[in-house]
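Note that ligands are numbered from 1 as they come in the structure, with each ligand's atoms numbered from 1 the same way.
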Amino acid sequence: MNKYLENHQFPQDLKAMDYDELELLTYEIRDFLVESVSKTGGHLASNLGAVELSIALHKVFDSPKDKLIWDVGHQTYVHKILTGRASGFSGLRQLDGMSGFPKSKESPHDIFDTGHSSTSISLGLGMAAARDLNGEDYNVVSVIGDGAMTGGVAFEALNNVASLNSKMIVILNDNEMSISKNTGGFPKYLSKLRGSGKYVSIKSQIKKNVLKVPVIGEGVVAGMKHARDSIKYAMIDGIMFEELGFKYFGPIDGHDIQELCETLELAKNYHKPVFIHVMTKKGKGYSKAEERPDMFHGIGPFDMDTGLPLKKSSLPSYSKVFGNKLCEMAGKDERVTAVSAAMIDGTGLEGFNKLFPKRMFDVGIAEGHAVTFAAGLAKAGLKPYVAVYSTFLQRAYDQIIEDVCLQELPVTFCIDRAGIVGADGETHHGIFDISYLRHIPNMTIMAPKDGDELEAMLEYSLQLDGPCAIRYPRGSAETIGKTNKIHIGKSHQLKRGTDVEIWSVGTMAKIVLEAADILKSNGISASVINAEFIKPLDKEKLEKSASKYPLIVTVEDNMVSGGFGESVKEYLKGNDLKVINVGWPDSFIEHGSADELYKKHGMDAQSIAERIIKELER
Ligand SMILES: Cc1ncc(C[n+]2csc(CCOP(=O)(O)OP(=O)(O)O)c2C)c(N)n1
């Protein structure tokens, strides 16, 4: 059935294939992608759009000697197929299975472990500069999407290209989409380039430009004789990329393999930085993904015929609870505004965007800017809510300190995907935020045990006149007992007990209550506290507990290092009791389901209970 996928060794066999065979290969790859991602879930639409580009790159370049660097890395499935990893797709994103992102430990063809956006040009430029210093000879190619190009880091790198002038190739994979429609001035500029119509023939323009180049000029022009006359390039003098020190080729059709290969050959032989603008269609070849590229950006297992997800929880997600509550608050308070860094849908703000479009600010993939922009809103009297995934807020650490906390501005960080996120793995787990926020002066940090408490905390945040963060996880919002009124720095007891006290942070309450049940069946009576506030600590309650229990255990979905538990330990230092901190260890946590990872790392109910039993036996 799979004539090419099964019977060839990639990438080497690509070199001998003609364009017709490569075309047939695109069909096999697309079928393979849709079928396997429908079973495992994953990033489908971006990969369907990058099939021809990935094939052309592996045909023209010699990976891993030549360095192919993929921005974000969610679009590397075809690259994985073409580097001998098709068989890994049955275990894609599963524990001990193949990662959904590039991993240098997985293959020498994966140059860098990526997951966060907009870094590929910086990395490529760094490698190109090192290559030149080392006197080596290989190509460096950075592939970046139009969404990722909205990130400031990408612009910093572009700015640096002119000073270094190292030979490298940047390929802009422009599908006019970030996760949803791309926004801002740069995408508008790209759309102008696409519609400029200033196409000129390859021969006259490239000859004109390339012949100026000593040493290689003649050779390149000779090579061009093989290029088809039909290829068009827009070599528009004075366009932004040219001004930045690149030779600009494009826009070209990213689904025409021959056009791609011929352009890449030219770029390979060019002596200066080259910028190739490639037009692709997100979701190409699978109608459901072409119609809803946003939905198929990242999707769980789905039915191939209908395109509908196989599993759907009857409970709302935390993102949904947040989005709905913010709409309610915005209806009553005109100061309420929302800021997103290209993640309106993921953070549950699509309803807010519809109801309050003027108060919804999507700033592009620009977390640092999002935070300072929110500081500006707050400074001018508004009440901004920055909805952002925990892992991506890492980008804005300095802005949080300098522009929000130092200024004591009432910006509320609604930190989604806090804790373990599962299949996206190392680059995406939100397990650092307590550690990177807790030590910042003026910051209040809360974590709800369930959806009702998330609503209560959001409501409470309205009256706070300073920086505040509310962290909540990926997934469905189950109700865990009753929700109390929120008071600054006040925790509440979820279960009474006499032998040990467990302080639970946020939604770990569910696992902690299960652990308490296991303890009970082992004759141990455990008190369970819902911390509610990570900062400030409920010092009064902690002091009482310290005099009552020989053992206090803290449980949080964050690194132990710098986490809530360490602040409890520090506060209770000198008391005659033991404090044990349960959280993620000092290592990067792999991909897998949340339940599997909790178990593997001693954070499931059974492991927590066993650890407590052992400790009490000592
Ligand atoms: C710093 C950071 N913020 C947000 C994201 C989430 N994210 C992953 S892919 C993506 C859109 C990327 O768009 P583009 O680069 O155009 O690639 P496409 O998926 O359209 O091929 C976003 C916002 C991220 N990976 N990194």
Query - N or O pair under 3.5 Å between Met177 and ligand 1 - result: yes
Query - N or O pair under 3.5 Å between Lys282 and ligand 1 - result: yes
List ligand 1 atoms under 4.0 Å from [X], heavy atoms only on the residue side.
| X | answer |
| --- | --- |
| Ser117 | 1 (C), 2 (C), 24 (C), 25 (N), 26 (N) |
| Ser46 | 18 (P), 19 (O), 21 (O) |
| His297 | 9 (S), 19 (O) |
| Met343 | 6 (C), 23 (C) |
| Asp146 | 16 (O) |
| Gly145 | 14 (P), 15 (O), 16 (O) |

Under a 4.0 Å heavy-atom limit, does [X] contact ligand 1 with its side chain, its backbone, both, or neither?
| X | answer |
| --- | --- |
| Ile179 | both |
| Met149 | neither |
| His43 | neither |
| Val72 | side chain |

Query raised in the report: Can Val404 and Thr372 be said to form a side-chain contact (heavy atoms from CB on, under 4.5 Å), step by step?
Result: CA-CA 7 Å; Val404 176; Thr372 305; over 6 Å; no
Minimum-distance protein heavy atom relative to [atom]:
| atom | result |
| --- | --- |
| atom 21 (O) of ligand 1 | Asn175 ND2, 3.3 Å |
| atom 23 (C) of ligand 1 | Ile365 CD1, 3.4 Å |
| atom 1 (C) of ligand 1 | Arg395 NH1, 3.4 Å |
| atom 25 (N) of ligand 1 | Gly115 O, 2.9 Å |
| atom 11 (C) of ligand 1 | Ser178 OG, 3.4 Å |
| atom 15 (O) of ligand 1 | Ala148 N, 2.9 Å |
| atom 3 (N) of ligand 1 | Glu367 OE2, 2.6 Å |
| atom 2 (C) of ligand 1 | Phe392 CD2, 3.4 Å |

Query raised in the report: Taking the side chain from Lys268 and the backbone from Val60, do they hold a donor-acceptor pair closer than 3.5 Å?
Result: yes
Query raised in the report: How far does NE2 of His116 sit from CZ of Phe101, to the nearest 0.5 angstrom?
Result: 8.5 Å
Query raised in the report: Could you state the interatomic distance from CG (Leu244) to CG (Leu158), rounded to the nearest 0.5 Å?
Result: 6.0 Å
**Report entry** Check: Phe432 ring centroid to Tyr436 ring centroid under 6.0 Å
**Finding:** no
Query raised in the report: In terms of ring plane angle, is the pair Trp70 and His79 parallel, tilted or perpendicular, where the classes change at 30° and 60°?
Result: tilted
**Report entry** No-hydrogen, no-angle side-chain donor-acceptor test under 3.5 Å, Ser63 and His109
**Finding:** yes
Query raised in the report: When you look at Ser319 and Asp416, which way does the side chain to side chain donor-acceptor pair (under 3.5 Å) test go after all the steps?
Result: CA-CA 7 Å; Ser319 317; Asp416 202 323; 2.7 Å; yes
Requested in this report: Would you mind listing every salt bridge (Lys or Arg N to Asp or Glu O under 4.0 Å) that reaches into residues 350-362, with sequence neighbours excluded?
Outcome: none
Query raised in the report: Salt-bridged, Asp110 to Arg85, with N to O below 4.0 Å?
Result: yes
**Report entry** Lys282 and Glu176 ion-paired at < 4.0 Å
**Finding:** no
**Report entry** With Glu590, the side chain to side chain donor-acceptor pair (under 3.5 Å) member among His601, His429, Lys103
**Finding:** His601
